[in-house]
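Structure, as C-alpha cells:
What's counted below: heavy atoms across the whole structure, side chains too, no hydrogens, waters or symmetry copies. Order of the sequence lines fixes the chain letters, A, B, ..., with proteins taken first and strands second; residue numbering starts at 1 for each chain.
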Amino acid sequence: MEITKEIQRLMLERMWTIRNFEEKVIEVHEAGEFVGPAHPYIGEEAVAVGVCLALKDSDYIAGNHRSHGHPLAKGGSIKKAMAEIYGRVDGYCKGKGGSMHLADFSVGILGESGIVGSSVPVATGAGLASKMRKKDFVSVVFFGDGASNQGACHESMNLASIWKLPVIFVCENNQYAITNSYENSVAVDNVSDRAVAYNMPGILVDGQNVEAMYEATAEAVKRARNGEGPTLIEGLTYRFEEHSLGLGKIRRGEYRDKAEIDKWRERDPLDIHTKKLIERGILSESDCKKIENDSKVEIEEAVNFARNSEFPGPEDLFEGMWANPIPKP
Amino acid sequence: MEITKEIQRLMLERMWTIRNFEEKVIEVHEAGEFVGPAHPYIGEEAVAVGVCLALKDSDYIAGNHRSHGHPLAKGGSIKKAMAEIYGRVDGYCKGKGGSMHLADFSVGILGESGIVGSSVPVATGAGLASKMRKKDFVSVVFFGDGASNQGACHESMNLASIWKLPVIFVCENNQYAITNSYENSVAVDNVSDRAVAYNMPGILVDGQNVEAMYEATAEAVKRARNGEGPTLIEGLTYRFEEHSLGLGKIRRGEYRDKAEIDKWRERDPLDIHTKKLIERGILSESDCKKIENDSKVEIEEAVNFARNSEFPGPEDLFEGMWANPIPKP
Amino acid sequence: MTEKIFADAINEAIAEEMRRDPNVFIMGEDIRLSIYGATKNLYKEFGEERVLDTPLSENGFFGAAIGASLVGMRPIVETVTSFMWVAMDQLISQAAKMRYMFGGQATLPVVYRASMAYGSGSAAHHSDRNYPMFMNMPGIKIAVPATSADAKGLLKTAVRDDDPVIIFEDTNLMGTRGDVTDDEIPFGKAVIIKEGSDCTIVGIAGSVKLALDAANNLEKEGISCEVINPRTLVPLDKQSILSSVEKTGRLVIADPAHKVCSAASEISSIVAEEGFWFLQSPIIKVASEQVHIPYAQSLEKLVYPNVDKISTAVKKTME
Amino acid sequence: MTEKIFADAINEAIAEEMRRDPNVFIMGEDIRLSIYGATKNLYKEFGEERVLDTPLSENGFFGAAIGASLVGMRPIVETVTSFMWVAMDQLISQAAKMRYMFGGQATLPVVYRASMAYGSGSAAHHSDRNYPMFMNMPGIKIAVPATSADAKGLLKTAVRDDDPVIIFEDTNLMGTRGDVTDDEIPFGKAVIIKEGSDCTIVGIAGSVKLALDAANNLEKEGISCEVINPRTLVPLDKQSILSSVEKTGRLVIADPAHKVCSAASEISSIVAEEGFWFLQSPIIKVASEQVHIPYAQSLEKLVYPNVDKISTAVKKTME
Ligand SMILES: Cc1ncc(C[n+]2csc(CCOP(=O)(O)OP(=O)(O)O)c2C)c(N)n1
Ligand SMILES: Cc1ncc(C[n+]2csc(CCOP(=O)(O)OP(=O)(O)O)c2C)c(N)n1
Ligand SMILES: [Mg+2]
Ligand SMILES: [Mg+2]
C-alpha cells in the first residue's frame, strides 16, 4: 500500500504531538498543577496515530482511560485537551470530564471511558447507526489487552459480526493491565486470535510501526465501507511509563523487568518512523527536529491556554446534566 | 471407550425419567395445577444424562432456565423436583424457587439460574474451590446457544483456562434462543469453535447420542481431574416442544419449519439409545418398555407427593433469607 | 379518545413514533414475534432494518443503542427489568453518565422499555421492580405508567425527549383497559386521579389502581382520600404531592418496589423535610416486603402492596 | 488497643482472618502489589494460591467468588464501587438472591470490599457511592466503616458471617488514624460517638467525621448534637436512631451518596413513620447533589456533604 508523503509526515507530527503532550502532562502533574489520575500514552503513539490517519473526519472513535493519544491522533484540539486536564471551562468537557473522559464530538471523538471495556458496545452502536442510516462512516474503538477479557468485548464483537457493522476493534496490547501481565490474564497467545470466534479477520500488527498500523486500518476501513463487516486489529506495543501518574512512584519496576523495558524503549515508534523518513529522503534530520520543536511550542501554548482558562464555578455545576432539563430534586 | 452395561441401562432410565417428568409437567400445567413458567427439556435428554452419568456424586453441576433435565440427570430427588414445581414446602427449595430454580445441594446441584448465562461464573468458582482445596471434584455448567453470547461465558472461560480449573462448559445448542435462530445470533459456525479463543479443547458432539455425550464428558473429566484445565463441549440438539409452557400456544411454528421439527423428532435420543441397547442384546424390547413404564409410575408418585405437600404459609416468608438472620427492616 | 388495552397502547405509541421519525427503531429479544405482547405487527410494517431481534447480549446491545443514539438514531430497547443487571454498566456508566461527563456534548435519545413481571410465579430472578436504583443515580429519566393513557403518552414523550429514559412497564397492567389520546404526556407532571381531604395516597405503577380501589372502599367508610399518580419518578412532581399533603395532612405511599430505599422512602423523606409542618400523623410506606420474590403463590401474594394494606395504612394515619 | 491508619486496619483484619482460617482467600485486581493500599504483604505471607490477581473480568471473578463460597471457601474480593456495574448480575442475581431462591440451601460467605474513591478528581466514572442501591435489594449485608476500628472489626465480622457482605470503604478515610482492637464488631449495632440533646446527626462512612466536626463546632455555639455512626446499613440499627431522636426531637442525616433514594432517604422515612411523634422539626438530608461527580475540584467540592452544610442543616432544625 502506498502511503503519501504528506501522511508519512503527518504521522511524525501527530506522534510528536502526543509524546510532547504526555511529557508535559507528567511535568505539570509533578508540579501539582492539576489533581486527578492520568495515564500516559508514551511508547504507544504509533497505534493511535496509524489508526486515526487512516480515518476520515466523519469517522468515529471511542477510547479508554489511556485517553490522551486517541483524540490527539484524531485531530482534536490540543488546547482544549490540555484545558480539560486542567479542569477548566475551556476544556473539551468544560472541566467536567478530566483526563479520563476527553471527548471532542466535533471531530468524531465519542469519548474516552474510565470504565475498562465500557466504550466497546457504544462504538459498536455508532457502527450500527452508520449501517442503518446508510452512511459510509466507520466506528473505531481502542481498548487494552486487559479490557479484552471483559464480557463487553465478546458481546460487541459478536453483534458487529452478525450484523456486519462497519466497526474496527483496535486492541492496544501493551502486555500489562496495571501490574498484571498478559500471560497471567489472557488465555490465548494473541488477542487477535480471538477474531475467529466471531468470524472476522484478526490482524496482529507491530504497534511500534505507525505505517503497519495505518495499513492494517486502511484495509479494515475498506472492508467496513464495503459492507463486509468488522475487523479486529491488535497492535502489539508497550507503555514506556508507569500505568498512571502517581502510581509511578510506588510501583516502578516491581512487575516489569528493567531489561524488558529497555528492550522495548529501543523500539521507540518515533525513532523508527523518523529513521524511515530520513532514509527515504522524505524529510531531513533537521526537518524532523523542527517538527519535534514546533510541537513543543504548540504544547507550551496549550499549557498556557489551559492555565489561563477559568475554573468552572457553582453556576456550572448542573450544566450539562440534561438535554431537556428537569427541576432540581 | 468402554461404557458398562449398567451405565448404558441407567442412561435409558434417566432419559425416561426426564421425558416422562416433562410430559407430566406439561399435562398438569395445562390442567392449571401450578402457576409460573417452565421450560421442557424434551428432545435434549441425552445431553444432561450423558454428561451427568460421567460425573461422581461429589462433582457439581449448575444450569439454566431449562432446568428440569439437569437435576434429574444428576440423580436429584424426583419427588422434590415435582413438589418444587408445584410450589410446595417439600420441594427442593421449599416452594421458594419453582421450575427455573431447581437445586439439590445434597447431590451436588448448585442450582439452575433463570438469568441466562448467570450460573456460568458461579460454576467456574466451584472449580476454583476444587483446585484451591486440592479436591478432585469437577464442576459442570449447562448453558444454551443463546447464553453463549453473554459476556459471562467469555469471562468465565478465560478465567477457567488461565487458572486451569476443573470446569466443563456444556453448551446445549438447540439452535434457538426462544424464537431467535442460531444463525441470527452467533457469529461462528459452532459454539465449540470458540474454545480456541480460550486455549481449551472445544468438542462438538451429537447431542442426540447419549453415549457420545458421555464419552466426551468422561474425557473432559479426566483432563479436569488431572489438572489439565477446562473443556468446552457443545451438544448439538433440538427442543421438540415450544420454548416454555404458555408460550407454546401462541408461537408454535412461526419461527421453525415443520420440516425441521420433524427431521429432528426422528432423531429422538431415547429411540436412538433404545435401539442400540436392543441391537447389542443388553436389553430386550420388553425390558425397555418396562423401564419406560416404571418411570411413569415413579412420576405419578412424584405428582401425588407434590399434590399432597403443603403450600408454604406466612411464617415461611422470611425463612431462608439469611444464614445469620437479621431483624426485619 | 379510544379505549385500548395497556399493551396495545404501547404498541400504538411505538408504531406512531416509527412512522413519524425514520430515525426511531426498536431492538430487543424476540420482538419480531412479539413474545412480550407489545411489539405486534411492527416487523410486518417496518421490516428487519428497523425491528431488530438481538442475541442474548444485553450489555452489548443496550450499549449499541447508546452508541446509535449518539450519532443520530432514536432507539427503543425492549427488555425485562431482571435482564438489566447484566447490562448495568452500559446503563449507568454510559447512558446515565455520558452527557455530563462530556460537558454536555453527548446527546442520547435512547428509550428502554423494561417490563416488571411480578405477581405470577416468576420467582426471584424474574420479578424485579428496580426503579429506585435508577432514581439514586442521576442521568436517566424514569417513567412509571399506571394506565393505558400513560403507557402511550409517556412513551411518545420518551421517544422525543433527548435524554435517556427508562419506562418501567408493570405487567400486571398489560391487560387493563383505558382511554388513550394521541397526545404526549409531559414528564414531571403528576395527576390527581381522585380528590380527597383526609389522606393523600401516592401510588406507583400498578399500585395506583390499588390506591384508587382502597380510596373508593374507604370513601364508603367516610374517609376521603386523594390519590396521586406521579407518572414519572425522574423528574418527580414533588409540588403536587406537597400541595396535596398540605390539604390532607396525611400521607401513605404505595410502591411495589422493595421498601428499603424505595421510591416510597424518597417521597416520604421529601415530605418529612419540605412538608413537615403540614403533617398531622406519621407517613406510612406500603411497599414490598424486604424479601426476594418467592415462587409459591401462597407466599408471593404476601409480598406486595394490596388494597387491604393500603386501607389499613390510611386508617392508621387517621388514628 | 493500638493506633492504626484505616488502610492498615483493613490489611490487619485480612491477614488475621487468613491466618485463622485456611479457607479464607483474597482476589482482585493488582492486589499482590497492593496498588489500592490495603493488601500489602499478603502475597508475601500467603502466596499465589491465596492471593489471586485477577484479569479484568469483574462479572466473571465476582461470580467465581460466589461459586467458591458455595463449596467451602470464604473469599474476600477487592474492588472499587465503580467496577461493580459490570458485575451487577453476579452481585444481584446470584449473591443477593441465591440463598432464598434455593430455599436456604445455599450458603455464601463471600465478602466484597469496594472502595469509594470520591473527592479527588476521579470524575463521574470512578466516584460511585452506591450502597443505597444494594440496600434496596435484599440479600446482601452492607457495612460502612467510619473509623479504623470499624474497618478492622467489621471486616472480621464480615469474613465470619455466612451471608454475602459488601464493605464500602471510603477512601477519604484511608489515611486517617484510630485505635483498633482485635475484636469483631457486630453487625446492626450503631455507635453513639457523641452524646447530645438538641439534634441527632446520623453520619455515614466518611460523613461520620464531618458530622462530629460539625457537632463540635455547634457545641461552641451552644447547640448540643448527638452523633450516630450506624456502622452497617443492612442490618440497620433503627432502634438506636429512634431512641436518639426521641431524646433530641430533631434529625439531620449526612450521607455521601446521591440524595435521591439514598440511605438518608431511608432513615428519614423510617423516622417519619416510626418516630414521627418525637419530631419537633423537619428531618433534613445532607447528601450529595443529584449530579454526576465533576472532575474540576472547583465543582467537585460543591457536591458532597461537608461540615458547613451539616451545621447549617442542624441550625435549620432548631429554628
Ligand atoms: C471495569 C474496570 N475494572 C478495573 C478498572 C481499573 N483499571 C483501570 S486501567 C486498568 C488496566 C487496564 O489494562 P488495559 O486494558 O490493558 O489497558 P492499559 O492500561 O494497559 O492501556 C485497570 C485494572 C477500571 N477502570 N474499570
Ligand atoms: C439475561 C437474560 N436475558 C433474557 C432472558 C429471557 N430468556 C429466557 S430463556 C431465553 C433463551 C435462551 O436461549 P438458550 O440459551 O439457547 O437456551 P434454550 O432456551 O434454547 O435452552 C431468553 C432470551 C433471560 N432469562 N435472561
Ligand atoms: Mg494493557
Ligand atoms: Mg437454545
* Name the orientation class of the two ring planes belonging to A:Trp264 and A:Tyr238 (parallel below 30°, tilted from 30 to 60°, perpendicular beyond 60°). => parallel

* Salt-bridged, A:Glu319 to A:Lys96, with N to O below 4.0 Å? -> no

* **Between A:Arg88, A:His65, A:Met100, the one whose heavy-atom pairs under 4.5 Å with chain D are most numerous** => A:Met100

* Asked: Checking heavy atoms, do the side chain of D:Asp30, its backbone, both or neither come under 4.5 Å from chain A?
  -> both

* Going by atom types only, do A:Ser192 and A:Asn190 share a side-chain donor-acceptor pair under 3.5 Å? -> no

* A:Ser185, A:Gly114, A:Ser99, A:Gly36: which one forms the most heavy-atom pairs within less than 4.5 Å of chain D? -> A:Gly114

* Asked: Does a sphere of radius 6.0 Å around NZ in D:Lys97 hold more than 12 heavy atoms from other residues, nucleotides or ligands, not counting ones at 6.0 Å or beyond?
  -> yes

* Sub-6.0 Å ring centroid separation between A:Tyr198 and A:His154 -> yes

* chain A contact residues among residues 290-305 of chain D, heavy-atom distance under 4.5 Å -> D:Gln290, D:Val291, D:His292, D:Ile293, D:Pro294, D:Tyr295, D:Ala296, D:Gln297, D:Ser298, D:Leu299, D:Leu302, D:Val303

* How are the rings of A:Phe142 and A:His70 set to each other: parallel, tilted or perpendicular (split at 30° and 60°)? -> parallel

* Asked: How would you list, in number order, the residues of residues 260-270 of chain D that have a heavy atom less than 4.5 Å from chain A?
  -> D:Val260

* Would you check if there is a donor-acceptor pair between the side chains of D:Asp170 and D:Tyr118 at a distance under 3.5 Å? => yes

* To do: Assess the side chains of D:Asp255 and D:Tyr131: does a donor N or O sit below 3.5 Å from an acceptor N or O?
  => yes

* Asked: Hey, which of A:Trp322, A:Phe318, A:Phe311 has the most heavy atom pairs under 4.5 Å with chain D?
  -> A:Phe318

* Going by the angle between their ring planes, with limits at 30° and 60°, are D:Phe134 and D:Phe168 parallel, tilted or perpendicular? -> tilted

* Within 45° cone and under 6.0 Å: A:Arg307 NZ/CZ vs A:Tyr86 ring -> no

* Heavy atoms from other residues, nucleotides or ligands near NZ of D:Lys316 exceed 12 (cutoff 6.0 Å) -> no

* Asked: Which residue out of A:Ala152, A:Ser113, A:Gly151 racks up the most heavy-atom pairs below 4.5 Å with chain D?
  -> A:Ser113

* Test item: side-chain donor near acceptor, D:Asp128 and D:Thr81, under 3.5 Å -> no

* Structure fact -> Ranked by heavy-atom pairs below 4.5 Å to chain D, first place among A:Gly97, A:Pro37, A:Pro314, A:Ala177 goes to A:Gly97

